[in-house]
Amino acid sequence: MTDNLPKVRGIYKFNELLNRYTWLNVGGPADVMFLPADEADLRDFLRQKNPKESIFVLGGGSNLLVRDGGMAGVVVKLASDDFAKWHIDGNILYCGAGRLNFSLKKIVAENGLGGLEFLCSIPGTLGGAVRGNAGCFGSEVANVLQTARVMDSAGDVFEVTNADLGFGYRHSAFPADWIVLEAGLRFEKADATETARIIAQNDEYRRTHQPQGIKTAGSTFKNPEGMAAWRLIKEAGGDTLVFGGAKLSAQHCNFLHNEGTSAADIEKLCTAVQKAVREKCGVELEPEVQTVGRE
Ligand SMILES: Cc1cc2nc3c(=O)[nH]c(=O)nc-3n(C[C@H](O)[C@H](O)[C@H](O)COP(=O)(O)OP(=O)(O)OC[C@H]3O[C@@H](n4cnc5c(N)ncnc54)[C@H](O)[C@@H]3O)c2cc1C
């Protein structure tokens with residue numbers, strides 16, 4: 001397949017280990033990783049590539065369990081500056097999907113972009129946050145997203161609105177082959193000092209209430225309606241399960257803690273936790289972390 005790849009201006013990497021790109025620090029090689037130079041390069045690549053070849057967009061890797069066998073096809077990473085551009089028009093911040101949410105802190109604080117503070121504390125990229133309707137501190141992407149510019153697998157670019165995306169709890173109805181290029185996020189003009197204070201307060205909350213410095217992917221399971229996943233896990237004894245170096249965090253038992261193990265062990269742990277909660281509490285936990293790749 002590597003012989004038939006279109007000529008691009010960006011970079012191809014072959015057999016690139018994905019554990020370097022995931023917060024859980026697991027994941028075998030991608031057959032091909034493509035880092036487009038810009039939007040036009042991505043479009044030309046999609047138009048010329050073998051249509052049978054699958055595409056997977058990797059954001060910040062903060063919500064992914066990539067299996068040890070790695071990924072077939074082409075993993076696309078929007079890493080160039082072209083995918084991190086931003087500008088403000090009226091009460092909308094337009095921002096490239098490849099931008100890391102953490103790097104929005106300065107933009108949101110200095111410009112007093114009220115209502116976008118929550119986003120700045122979520123690991124990963126804006127594209128990943130849009131796709132999964134990421135949220136925290138009482139808000140989520142669905143509350144602020146006005147429009148998104150997307151590219152489909154044919155390389156065609158179009159704009160969609162919030163209503164088109166079928167947002168739900170940590171969910172969007174995004175077709176699998178759409179790549180988010182840019183999001184338009186609505187804000188309310190606020191005092192810059194106050195915006196900076198909220199961002200710092202959110203960061204402080206995470207520092208004091210969530211595990212720090214561990215290999216994790218954040219919340220492993222979604223909270224079932226009216227219930228906290230961590231409470232169910234504790235009640236079922238899931239917090240004591242260990243597979244190799246895979247366990248749940250002692251500080252927050254809905255957070256995975258990879259102490260140096262394989263994706264296979266982490267997957268076994270997740271399955272065992274689901275089974276324990278099913279048997280003890282009669283509740284089916286739905287994964288929040290997305291598992292992808294070859295076994
Ligand atoms: C310590 C920690 C804390 C966390 N806290 C929170 C939290 O408070 N709230 C919360 O919601 N989540 C949280 N998460 C989970 C994670 O940060 C979010 O789900 C995040 O939005 C994932 O973005 P990403 O760029 O890392 O996406 P990835 O993990 O790289 O990918 C996730 C999915 O998004 C898709 N995707 C990525 N970019 C694009 C794009 N441009 N176009 C189309 N699809 C794309 C991928 O194909 C994949 O399907 C946390 C994770 C960690 C590690």
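When a ligand or atom number is given, it counts from 1 through the structure's own listing order. A quick note: this is a predicted structure, and the numbers were derived from the prediction, not measured.
Aromatic ring orientation, Phe34 versus Tyr12: tilted (interplanar angle from 30° to 60°). By the 30° and 60° cut-offs, the orientation of the rings of Phe174 relative to Trp178 is perpendicular.
Of all heavy-atom pairs between Ser249 and Pro211, the closest is OG-CG, 3.2 Å.
Checked for salt-bridge contact, Asp265 and Lys247 miss the test: no charged N lies under 4.0 Å from a carboxylate O. Taking the charged nitrogens against the carboxylate oxygens, Arg43 and Glu39 have no contact shorter than 4.0 Å, which rules out a salt bridge. We find that Glu182 and Lys85 are not joined by a salt bridge, their nearest charged nitrogen and carboxylate oxygen being 4.0 Å or further apart. Contact check on Lys49 versus Glu53 returns no salt bridge, with no Lys/Arg side-chain nitrogen under 4.0 Å from an Asp/Glu carboxylate oxygen.
Atom 8 (O) of ligand 1 has as its closest protein heavy atom Arg206 NH2, 2.8 Å. Protein heavy atom nearest atom 10 (C) of ligand 1, with residue, atom name and distance: Gly135 O, 3.5 Å. The protein heavy atom nearest to atom 42 (N) of ligand 1 is Val180 N, 2.8 Å. The single protein non-hydrogen atom nearest to atom 33 (C) of ligand 1 is Gln290 OE1, 3.4 Å, given as residue, atom name and distance. For atom 44 (N) of ligand 1, the closest heavy atom belonging to the protein is Arg131 NH1, 3.2 Å. Gly218 N, 3.3 Å is the protein heavy atom nearest to atom 52 (C) of ligand 1. Looking only at protein heavy atoms, the nearest one to atom 22 (C) of ligand 1 is Ser62 OG, 3.3 Å. Looking from atom 20 (C) of ligand 1 to the surrounding protein, the closest heavy atom is Pro123 O, 3.5 Å.
The ligand atoms of ligand 1 that sit less than 4.0 angstrom from a heavy atom of Gly60 are 24 (P), 25 (O), 26 (O), 27 (O), 30 (O). The ligand atoms of ligand 1 that sit less than 4.0 angstrom from a heavy atom of Cys136 are 8 (O). If you number the atoms of ligand 1 from 1 as listed, the ones under 4.0 Å from a heavy atom of Leu78 come out as 41 (N). Atoms of ligand 1 found under 4.0 Å from any heavy atom of Trp178 (numbered from 1 in listed order, with element): 43 (C). Residue-ligand proximity, Asn63 to ligand 1, at heavy-atom distances under 4.0 Å covers atoms 15 (C), 16 (C), 19 (O), 22 (C), 29 (O).
No heavy atom of Glu140 sits closer than 4.0 Å to any atom of ligand 1. Contact annotation: Phe137 has no heavy atom less than 4.0 Å from any atom of ligand 1. A heavy-atom separation below 4.0 Å is not found between Gly132 and ligand 1.
A donor-acceptor pair under 3.5 Å is absent between the side-chain atoms of Thr125 and the main chain of Gly98, judged by distance alone. A distance-only check finds a donor-acceptor pair linking the side chain of Arg294 to the backbone of Gly69 [under 3.5 Å]. When atom types are taken as modelled, the side chain of Asn25 and the backbone of Asn19 share a donor-acceptor pair closer than 3.5 angstrom.
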request  = Test salt bridge (charged side-chain N to carboxylate O under 4.0 Å, His left out) on Glu284 and Arg278 and set out the steps.
outcome  = CA-CA 5 Å; Glu284 191 62 40; Arg278 188 184 308 122; 2.7 Å; yes

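At least one N or O atom of Val57 sits closer than 3.5 Å to an N or O atom of ligand 1. Inclusion of Phe255 in the set of residues having an N or O under 3.5 Å from an N or O of ligand 1 is not warranted. Below 3.5 Å of separation, one finds no N or O of Asn101 facing any N or O of ligand 1. Not one N or O of Trp23 is nearer than 3.5 Å to an N or O of ligand 1, by distance alone.
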Show me the side-chain donor-acceptor pairs of residues 234-241 shorter than 3.5 Å, one per line, residues at least two apart or across chains.
unit_1	atom_1	unit_2	atom_2	d
Lys234	NZ	Asp239	OD2	3.3
Thr240	OG1	Gly237	O	2.7

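Atom CD1 of residue Ile107 and atom NZ of residue Lys105 lie 12.5 Å apart, to the nearest 0.5 angstrom.
For atom 14 (N) of ligand 1, the nearest non-hydrogen atom from the set Ser121, Ala217, Ser249 comes from Ala217.
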